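I have placed the structure first, in the form of structure tokens, so that the comments after it can refer back to it.
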Amino acid sequence: MYDYVLAHNPPLNPAQREIVDLTHQKFPEAAGMQSAEEQGALLAFLVRLIGARHVVEVGTFTGFSALSMAQALPADGTLIACDISEEWTAYGREAWAGAGVADRIDLRIAPALETLRAMPAEPHIDLAYLDADKGGYIAYWEELVPRLRPGGLIVADNVLYRGEVVDPAATGNALAIRAFNDHVQADARMEAVMLTVADGVTLARKR
């Protein structure tokens, strides 16, 4: 079934395929942190769908999702990528340059909360992709929502957390995601839907 889904989604372009494969080769134990292949197409679709020009990514890893969104941005679009690893994002930098979109991506190596809090306070973000440390999701959300323009989107990954979110006795990351999902559902500023894509994806639109 999964192969069927991939076969009926836009195929990865050469730059995307290269960074996906390279990530699995270089970091086999950490490759699960990479957004799933079908998420690349979904993120690019959403960027185009809402006409996004200002995108923020919290959690970049080796750069596949940033690459997918940057390729969908207009030439004058910008993507601020937040991460704390020079090692992992170095592979992203190379992939972005090879794909000709490095000028659209502003990589900021620092704790993401610091980067978000340094951004203008007024609504200006069109789309934000949240895929970083699960314990920080609520704090990131609270920094992003006020900076999101009306009609803008937050896309949150791993909201099913391997199915562990259904366990009332969940601990660690699963417990953090349970709290985040409840927080999103209760936020009257946003309207949200949870999708069973990959490890669970929530799409939230600012009212």
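The model shown is predicted, which means the values in this text are computed figures rather than measured ones.
- Ion pairing between E37 and R17 holds under the 4.0 Å rule for side-chain N and carboxylate O.
- Considering all non-hydrogen atoms of both residues, W96 and G63 come closest at NE1-O, 3.1 Å.
- Counted by atom type alone, T62 and T23 present one or more donor-acceptor pairs between their side chains at under 3.5 Å.
- Residue L113 places its CG atom among more than 12 non-hydrogen atoms of other residues, nucleotides or ligands, all under 6.0 Å distant.
- Of the charged side-chain nitrogens involved, at least one lies within less than 4.0 Å of a carboxylate oxygen, so that R189 and E142 count as a salt-bridged pair.
- For the pair A192 and V184, the tightest heavy-atom approach, listed with the atom from each and the gap, is CB-CG1, 3.7 Å.
- Within a 6.0 Å radius of OH in Y2, other residues, nucleotides and ligands contribute more than 12 heavy atoms.
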- For D157 and S35, run side-chain contact (heavy atoms from CB on, under 4.5 Å): C-alpha distance rounded to whole Å, both residues' side-chain angles, the deciding distance at 0.1 Å, then the answer. CA-CA 8 Å; D157 195 18; S35 296; 4.3 Å; yes

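- Sorted by first and then second residue, the salt bridge (Lys or Arg N to Asp or Glu O under 4.0 Å) pairs involving residues 69-80 (not counting sequence neighbours) are R53-D76.
- Hydrophobic clustering places L42 together with I50 (ILVMFWY residues linked when any side-chain heavy atoms are closer than 4.5 Å, directly or through intermediates).
- Checked against the 6.0 Å centroid threshold, Y91 and F61 do not count as a close aromatic pair.
- Checking D199 against Y161 by side-chain atom types alone, no donor-acceptor pair falls below 3.5 Å.
- No continuous path of hydrophobic side-chain contacts links F180 to V197 [ILVMFWY only; heavy atoms under 4.5 Å].
- Heavy atoms of other residues, nucleotides or ligands lying less than 6.0 angstrom from CD of E94 number 12 at most.
- For E18, the CD atom sits in a loose shell: 12 or fewer heavy atoms of surrounding residues, nucleotides or ligands are nearer than 6.0 Å.
- The environment of Q185 atom CD is sparse: at most 12 non-hydrogen atoms of other residues, nucleotides or ligands sit within 6.0 angstrom.
- The two atoms that bring Q71 and A15 nearest to each other are NE2-CB, 4.3 Å, heavy atoms only.
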- Message: One pair to check against side-chain contact (heavy atoms from CB on, under 4.5 Å): D187 and W141. What are the steps and the verdict?
- Response: CA-CA 10 Å; D187 193 333; W141 174 272; 2.8 Å; yes

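- Put simply, L148 and L46 are part of two different groups of oily side chains (I, L, V, M, F, W, Y) that touch within less than 4.5 Å, one to the next.
- Taken together through direct or relayed side-chain contacts under 4.5 Å among Ile, Leu, Val, Met, Phe, Trp and Tyr, V193 and I177 form parts of separate hydrophobic clusters.
- Using a 4.0 Å cut-off between charged side-chain N and carboxylate O, R117 and E143 make a salt bridge.
- Going from atom CZ of F64 over to atom OG1 of T60 covers 13.0 Å, rounded to the nearest 0.5 Å.
- S65 and Q39 share no side-chain donor-acceptor pair at under 3.5 Å.
- Cluster membership for I109 and I80, using ILVMFWY side-chain heavy atoms within less than 4.5 angstrom, is not shared.
- Just one of V20, D21, L6, I19 meets the side chain to side chain contact (heavy atoms under 4.5 Å, CB included) condition when paired with L12; it is V20.
- Of the residues listed (V201, D131, T202), the one engaging V155 in a side chain to side chain contact (heavy atoms under 4.5 Å, CB included) is V201, and it is the only one.
- The hydrophobic cluster around L175 extends to none of the other residues, as no ILVMFWY side-chain heavy atom falls under 4.5 Å of it.
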